Amino acid sequence: SVPEAEIQRARLEAEGIPVMMKGEAEGPYRMGPVHLWVPAALEVQARLILDTPLEPFSDEELTALAEGALDQDDTEAGTGEPSGEGP
């Protein structure tokens, strides 16, 4: 699905892997299968990243994210701990 592909694309791009999405339908009702394309030299690394389950955020982390209390670097690192520095 398009939303799932967007999440997976973001995960790969966060690791420095360029991604091209194909099959995404145009218009307000974006449905249908979507395929992610990565360079052949990075395919194994991309598969390892996508095979690793995402760690869910706790309710406290979600609340802090909604309030803007967590630094972006902390959420990407998976620590979920505020850095003590302002944005």
Side-chain angles (χ1 to χ4, degrees):
S1 69
V2 174
E4 183 180 352
E6 290 286 350
I7 291 169
Q8 301 302 358
R9 181 180 76 174
R11 290 179 71 191
L12 294 172
E13 288 178 345
E15 297 291 331
I17 298 175
V19 179
M20 182 181 349
M21 290 177 47
K22 291 198 173 205
E24 178 181 357
E26 296 292 327
Y29 305 106
R30 298 166 40 176
M31 298 182 349
V34 178
H35 302 278
L36 301 179
W37 294 74
V38 299
L42 299 173
E43 178 184 358
V44 172
Q45 181 182 356
R47 287 185 184 275
L48 288 172
I49 292 166
L50 296 178
D51 287 342
T52 304
L54 287 172
E55 294 286 328
F57 284 108
S58 69
D59 289 338
E60 293 81 21
E61 290 171 325
L62 291 174
T63 301
L65 283 170
E67 294 172 355
L70 289 181
D71 191 342
Q72 182 69 18
D73 293 335
D74 295 328
T75 57
E76 288 176 2
T79 63
E81 298 295 323
S83 67
E85 299 176 12

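Note that this is a predicted model, so its numbers are computed, not measured.
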Residue set satisfying side chain to side chain contact (heavy atoms under 4.5 Å, CB included) with Glu13, at least two apart, ordered chain then number -> Arg9, Val19
Run the side chain to side chain contact (heavy atoms under 4.5 Å, CB included) test against Thr52 and tell me which residues pass, sequence neighbours left out.
Arg11
Just jot down the salt bridge (Lys or Arg N to Asp or Glu O under 4.0 Å) partners of Arg47, sequence neighbours excluded, or say none.
Glu43
Is there a side-chain contact (heavy atoms from CB on, under 4.5 Å) between Leu36 and Met20 once you walk through the steps?
CA-CA 6 Å; Leu36 301 179; Met20 182 181 349; over 6 Å; no
Using every non-hydrogen atom in the two residues, find where Ala5 and Val34 come nearest and quote the distance to one decimal.
CB-CG1, 3.6 Å
Leu42 meets the side chain to side chain contact (heavy atoms under 4.5 Å, CB included) criterion, sequence neighbours left out, with Ile17, Pro18, Pro39, Gln45
Linked, directly or transitively: Leu12 and Met21 (ILVMFWY side chains, under 4.5 Å):
yes
